[in-house]
Amino acid sequence: MLKVRVPATSANLGSGFDVFGVALDRPADIITVSQAEHTTIEVRGAGSQFIPEDPDSNVVGAVANALDAPAHIKIDKGVRPSSGLGSSAASSAGAALALNTLYERGLTRHELVPIAAEGEAVVSGDAHSDNVAPALLGGFTVARGESVTAIEADIPLVACLPEIAVSTRDARRVIPDSTSMENLIHTVASAATLTAGMARDDPALVGKGMDERIVTPARANLITGYESVKEAAFMAGATGVTVSGAGPAIIAACPTATRRQVAGAMVDAFEQADVAARAYQTRISAGATVYECE
Ligand code: HSE
């Protein structure tokens, strides 16, 4: 038997749609695997009632097939599904690492990224790797097709999760098919600024680089209270605020000194919009960890 702790992740960071991702130090899933003749799946924890246990429908079933590694897979969800915090990616990446280790397949973490991304295709229709890459590799990741670059970065963050659900499929449907050259230039400028901020561990640059005008405004409409939560976060000291992944979580970058106030302000603003929410005071972290073998 083998256990893996795999972190929540936040994809896009505004300007890096389907490209940027970060591993968060909390929340996290715990995946336990043991060898079996056929794959069976057991799911517990946050939102487990909404997650299928049938291997043909669960993301980890696709991963077990891809690695030819049948197992009993127990998933303790700390990352709620439909949260925008990489719930399906946590399961896929955790299962990929756990089964690769259990069956001694010998693949590197980089080689596991496309395998874990197959799990994402089960949920959203697209095998995008911007959540599974940081879940496996940790830090800040840039996915460019099959190639993924990971760098260590230390940025304080708040991930504020309202008690509403947004499906990734729905959030992908609202994205415009095309955009103006002006918006394209703005996005590239923001993405480059954010990347420089990650390299320098600079929350001000990272926050500035989260600004984006194509995908984020379309998705913000799916999140009750988005504009007031964003404004409250900025007022409390955030340097940048955007939709986390497909939403509904909202992610804010900030200096450590204002993180607590930013978290409180975001929760209060959601409450004023009649939406219950919780905020994780977090930061960029390491990727999945194998921490127990028997
Ligand atoms: N890049 C993905 C999206 C992340 O924004 O749709 C969510 O799975």
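When a ligand or atom number is given, it counts from 1 through the structure's own listing order.
There is a side-chain donor-acceptor pair under 3.5 Å between Lys77 and Ser91.
Summarising the geometry, atom CD1 belonging to Ile75 is positioned 10.0 Å from atom OG belonging to Ser48; distances are rounded to the nearest 0.5 Å. Here CG of Leu136 is found 9.5 Å from OG1 of Thr108. Values are rounded to the nearest 0.5 Å.
When non-hydrogen atoms are compared, ligand 1 lies under 4.0 Å from neither the backbone nor the side chain of Val215. The proximity of Arg219 to ligand 1, defined as any non-hydrogen pair under 4.0 Å, is limited to the side chain.
Of all the atoms in ligand 1, the ones that sit under 4.0 Å from a non-hydrogen atom of Phe17 are 3 (C), 5 (O), 6 (O). Residue contact check: Asn12 has heavy atoms under 4.0 Å from atoms 1 (N), 3 (C), 5 (O) of ligand 1. Using a 4.0 Å cut-off to heavy atoms of Asp18, the atoms of ligand 1 that qualify are 1 (N), 2 (C), 3 (C). Using a 4.0 Å cut-off to heavy atoms of Asn131, the atoms of ligand 1 that qualify are 4 (C), 7 (C), 8 (O).
Follow the hydrophobic side-chain contacts under 4.5 Å out from Leu99 and you reach Val43 in the same cluster.
Cluster partners of Ile151 are Leu13, Val19, Phe20, Val22, Leu24, Val79, Leu85, Phe140, Val142, Ile155, Leu157, Leu161, Leu194, Met198, Val206, Met210, Ile251, Tyr280, Ile284, counting Ile, Leu, Val, Met, Phe, Trp and Tyr whose side-chain heavy atoms approach within less than 4.5 Å, directly or via other members.
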